[in-house]
Structures are given as C-alpha cells and as structure tokens.
Amino acid sequence: MNAEPSGKPQNFIREIIENSVAGGASVHTRFPPEPNGHLHIGHAKAMCIDFGFAKEFGGKCNLRFDDTNPAKEDMEYVEAIQRDVRWLGFDWDDRLFFASDYFERMFELAVELIRKGKAYVCDQTPEEIREYRGSLTEPGRKSPFRNRSIEENLDLFERMRTGEFEDGSKTLRAKIDMTAPNLNLRDPVMYRIVRFDHYRLGDSWRVYPTYDWAHGIEDSIEGITFSLCDLDFENHRPLYDWFLSELDIHHPRQIEFARLNLSYTVMSKRKLMSLVESGMVSDWDDPRMPTLSGLRRRGVPPEAIRSFCETIGVTKVNSLSDIALFEHCVRDVLNKTAPRVMAVIDPLKVVIVNYPEDAADDELDAVNNPEDPSAGTRKVPFSKTLYIERSDFMIDPPKKFFRLGPGREVRLRYAYFIRCVDYVQNEEGEVVELRCEYDPETRGGNAPDGRKVKATLHWVSAEHAIDAEVRLYDRLFLKERPDAPGDDSDFREYLNPDSFKALCGCKLEPSLKNADPDITYQFERLGYFRPDCVDHSSESPVFNRTISLRDSWAKAKGKT
RNA sequence: UGCCCGGUGGUGUAAUGGCAGCACGAGUGGUUCUGGCCCAUUUAGUCAAGGUUCGAGUCCUUGCCGGGCAGCCA
C-alpha cells in the first residue's frame, strides 16, 4: 500500500494541498461552526480535516464562529463549542475569531460592490424573489429594482442598516445572472433586514450578511488558503469565487468533502434538537447522543474519535459509515489504556462453605492492565461471601457454556478455584445463592497439580463491595438509517427502547471508592465504564457503560 | 428533465496507465487467569457497454444508478 511518510493513507485533499505546497503555498485553514447548536461527531470529522491538515503541513487553523444569523445564535453555544474543540484535542492558540467582528468591513465591501454596479437594493418580497428566480429547468427573470441608480442603492442600503425599513422589506442583492443554470448565481441575497439583536453586538446592526456573501470575506480577511467545507457548498463555490474576484481580495480555495454519516444514529442539528426537546433523551449530553458532550459523558476517549476520523478517510462520496467501526476504535483505545477492575452488575451471592469464618485478611494481587505492565498491580480483598455475575451460573448448562454449574469448577480471577456444591432457590425458582467449596492450594489462581478450568469469573467480596448504580447504554436507533431519504415515517419511531437501562445495587471492588471521574475503566469481562460526570459521587457512585467488550459467547448464544 | 457531484468486497477506503491492497464486519482455527486482547486463516469488489493503449479501476464516449441544488439558514 502506498502510504504517505506521515503513515496516513492518501486522499484527494491532501493531494491538492501537497501540490500547492510544492508550488510554495502555505496552509492556513479554519473550523467555522455557527454557534447555534452543539458539536457532534460529524463536526469532529471536519475538525480532524481542518486542524489535521494545518498541523500536518506546518500551518495554522483558526477557530471562527460564523455568527451571521442573530435569530439562532447564542453565547452558550460559543462556550460549549470551545470546550468541545479543546476536549477533542485541537488548539487555535490566539486565533479565535468571529464573523461578527468583520461586519463593518463586509459593509464597506458591499458598498464597493454597489459602486461597481454589481449589487442593488431590491424591494421584492420573499415570495416574489422566489418566483422571479425561476426553477431548476427554467431561467429566472430580472427584478424590477435591478437597475436602480448607484446613488439610490447607496442611500437605501445605508438606511437599511440603520433600521429604517421593515424586516424582509428590502434586500441587497448581487447583480449576476438571472439565467444562470446554477441557481445560486441568480442575483443572490447578500444582506437581509433583521431587526433582531445580535448576541455579541446588541442592536448595532439591523442588516445581517448571508452566508454566501460573508464566508469568503471571512476567509479572505484571515488569510485562509484552503477553505474546506462539506459537499452542501459545492454549488456555492462559483458564487464564493465570484464575490472574491469581483472584490479583488485574497482568494482562498474552497474544497468540499463528504460529511460523516453514521449508522444507527442521526446527525443533523435539527433532529438532535428534536430528540432533546421531545424528552427522548435527557439533554444534548445524554450519553446516547452523537454529540461530543454526549460521547465525553459516555466515556469515549477523544483519541478514539480522532482515530475513527482517520480511518474513514476523506472523499466526496456520500457514504454511511458503520458504527461498528467507531465502536472498534473506542475499544481499541480503551483496551490499551483502561485500568481493569472487577465489578458485578447483576449480583448473585456465593458462600464459600469451607472458607474459615474467622479468616485473617486475604488480599490478592490483581493486574491493573495486562496491555500495559507499567500500570502495576493492586490488592483485591477476598472473603467467605462473594458476589458473582448471575449470568455466570446455570443450573442446567448447555453444551458450550463453560462457566459455573452444579458440581463444576471455575477460577475466580486472581483468587481461587471454586466448585459449586449446592444452590438455593426461592419460591419462584430463582437462584438466590450458590454454595461453593474453594481449594486453598489454588490461591492466586493456579493449581499446583496443574489442573485446568474452562472459565475464569470476576467477583467481588460482599463485605468489601461498594454499592453503585450502573447505566447501560446501547445504540440509539434500531434502524441503520433512521432518517433514510424516501422513508416518510418520523425517524423517532425507530428509537431503540433498550438504549438506556439503569441497574441499581451493583457491586464494585473497593478500589473504586476513589474512582477518577476522568478515567474510563474496564470492568473485567463486561465492558468499559466511566463515572457519570453529573450524577456520580464517591458516596453514591454512578457509572456509565461506554461500550461492552466484544462477546463471542453472546454471539454464539444468539445463533442457536 | 437544467446545473453540479459521485459509483472499487456487506461497510469505510487505497491503488495518480503496470500484480486490485488495507481496516471494520462476518466465518474458522490457535492462544489465553477477561468467551477481552493477540495470532493465523477463509469469504467477498472495480455500475454497464464501447473506445484509446503492449497494458485501463484509473484516460475518452455513451448509457445506467445514486446524491445535491429553486432560504432573506449555514
């Protein structure tokens, strides 16, 4: 495989940049979110591209809030977005910018365009503009206001700015070509009257620039060389280019790539918002959400998100990435880094009948991370009464079930071999207690006589255990593409009713008393878990399941 | 029936006219004090038809299929 020196697979944007850099170009990109919602994993892809290429080529990447629509934007989002960008691992140094800081300059440039006879004030209503625009197959017609004098345009535009006219009563439009096959070139609106206070600038403006007019200027002012954006803006590139060349100012190159789609979730801000507003999830940071705040709360390490973005590549193909690939990236990082601990989430009491009542403290050495010897070991207390996982015992085990059953012997991890000699059921027939014998010779987990067991179980000493709530999360939707085009049903019909399940009375090994809220742990044989950033405390621990371990037993069981 | 973009295993991608690779998933086997990890192995692909060429996934033509575009959203 032909890999770049960086070790990254080639893609079309890197190729373009490489060629430009070979010709002496520098690399300066920007990540330009609108502060009207929270960042999600789709934005993470964009950030990996924007910040990633800048870093790779020794350039810079700005963080710029594209806040040209006061009706939707808020400071709350500005702060949340910065927090998320930092968390993901990107740094904009001192290059934090706001489109709204360029409003004055944009206005001057608009005046310049009017003076050139390339922009005019139009009195058409939104309906008229739409009607005059024509259709996909028919050319548009010129606005009756298209030939106003430059003086009149200048006067009107100035008065629009100061709030003399009603919202929507006038616009400033670029004079391009009403018959252009690309609809974006049919005299697009550059300014609209919106007498709405801006979250940063208050009431100083009564006209606001549209994206098409503003974005290229923002890029130009900042000296951006590559303006990377998603495919939605492909049809807008001719307009981006038209404005910049008419203005004759620094002209970045816009390159579009396909945005991320992930199976079993939705990505649009509108849809995520509707999940929040309908109460189907608790908030933007619900651990099931594909938002960065949700993933963080879930326990996903930022490194996993970055490696996922690296793995899916950069193309112009509209694709649907398999969430299984994302899950793989999460497990891959966590497997190498997560400290191992033992926790029983569905406890079944076990009494070691031949274990002395008055035994001295019995502490065993447990490995913190078999993938990382430097993580060391810890002590885990053993005692006469323990808990094991309910699913690790069966009265009548099927053929390939290796765990505990009547008369069977298994190993308790890092502790002893135990054999089940009896079990106790309640009136409902539910097993409520196991009675086992241990072999003192197997202390530490190995038999001196060399005999083997087929299973190793995790366990927690009852008297030492910490009680905890454990929250199990799963994919938010049952359907691969909940919002597939052509499907008229509401995407929310496909919500996975089992995507969240809270378990109480779970038993944790005592070392978790001091669980670090910023660490995702592996509960051995179960999965990865992180203290909930909102509800967890050392007095009443709450852990969120980030992701389960791969489970070939569950898979085999499911097949029968 | 206008304009723009795109079609490589189930999924995501690489191959820049020269052996179609990689990762995920799925299957099988091995190993194992986590039914995890790891290792080995199997499965499976260039939308179609022409053309250029010694040679085409790659270049050209036509067709087919998919996506986007008619906000005073971004």
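The model shown is predicted, which means the values in this text are computed figures rather than measured ones.
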Taking salt bridge (charged side-chain N to carboxylate O under 4.0 Å, His left out) as the test, write out the residues that go with A/Arg419, two or more places apart. A/Glu409
Using the side chain to side chain donor-acceptor pair (under 3.5 Å) criterion, which residues pair with A/Glu164? Sequence neighbours excluded. A/Arg159
Can you give me the dot-bracket string for RNA chain B, 5' to 3', counting Watson-Crick and G-U wobble pairs with both distances under 3.5 Å, using [ ] for crossing pairs and | for partners on another strand? .((((((..((((....[..)))).(((((.......)))))....(((((..]....))))))))))).....
Specify the residue among A/Ala258 and A/Glu34 whose closest nucleotide of RNA chain B lies further upstream toward the 5′ end. A/Ala258
Kindly say if A/Ser319 contacts the phosphate of B/rU13, meaning a side-chain N or O under 4.0 Å from OP1 or OP2. yes
Applying salt bridge (charged side-chain N to carboxylate O under 4.0 Å, His left out), can you list everything that pairs with A/Asp232, at least two apart in sequence or on another chain? A/Arg259
Specify the residue among A/Pro32 and A/Phe12 whose closest nucleotide of RNA chain B lies further upstream toward the 5′ end. A/Phe12
Are the ring centres of A/His215 and A/Tyr211 closer than 6.0 Å? yes
Please indicate yes or no: is the ring centre of A/Trp553 less than 5.5 Å from the centre of the six-membered base ring of B/rG35, with the two planes inclined by under 30 degrees? yes
Roughly how far apart, to the nearest Å, are B/rU58 and B/rG51 at atom C1'? 15 Å
Within residues 334-343 of chain A, the residues having a heavy atom closer than 4.0 Å to RNA chain B are A/Asn335, A/Arg340
If the condition is side chain to side chain donor-acceptor pair (under 3.5 Å), which residues does A/Arg186 pass it with, not counting sequence neighbours? none
As a test of reading the structure: which of B/rA74, B/rC69, B/rG36 is closest to the side chain of A/Asn184, going by heavy atoms? B/rC69
Sticking with atom P, work out how far B/rC24 lies from B/rC39, rounded to a whole angstrom. 9 Å
Can you confirm whether A/Glu166 is buried at CD, in the sense that more than 12 heavy atoms of other residues, nucleotides or ligands lie under 6.0 Å from that atom? no
Run the salt bridge (charged side-chain N to carboxylate O under 4.0 Å, His left out) test against A/Arg192 and tell me which residues pass, sequence neighbours left out. none
Distance in angstrom units between A/Glu371 CD and B/rC39 P, rounded: 11 Å
Contact pattern, 5' to 3', of nucleotides 1-10 of chain B - B, S or - by protein heavy atom under 4.0 Å: -BSSSS----
Would you say A/Glu303 has more than 12 foreign heavy atoms packed within less than 6.0 Å of its CD? no
Whole angstroms only, please: what is the CD1-C1' distance between A/Ile312 and B/rG25? 16 Å
Partner set under side chain to side chain donor-acceptor pair (under 3.5 Å) for A/Glu327, not counting sequence neighbours: A/Arg475
I want to verify a distance call: between B/rG25, B/rC72, B/rG71, whose nearest atom is closest to the A/Arg130 side chain? B/rG71
Among residues at least two apart in sequence or on other chains, which ones pass ring pair (Phe, Tyr, Trp, His ring centres under 6.0 Å) with A/Phe107? A/Phe157, A/Trp205
Taking only residues two or more places apart in sequence, or in another chain, which ones meet A/Asp322 in a salt bridge (charged side-chain N to carboxylate O under 4.0 Å, His left out)? none
Rounded to whole Å, the CZ-C1' distance (A/Arg525 to B/rU32) equals 14 Å
In this structure, how many angstroms lie between the C1' atom of B/rG21 and the NZ atom of A/Lys8, rounded? 21 Å
Which residues share a side chain to side chain donor-acceptor pair (under 3.5 Å) with A/Asn446, sequence neighbours left out: none
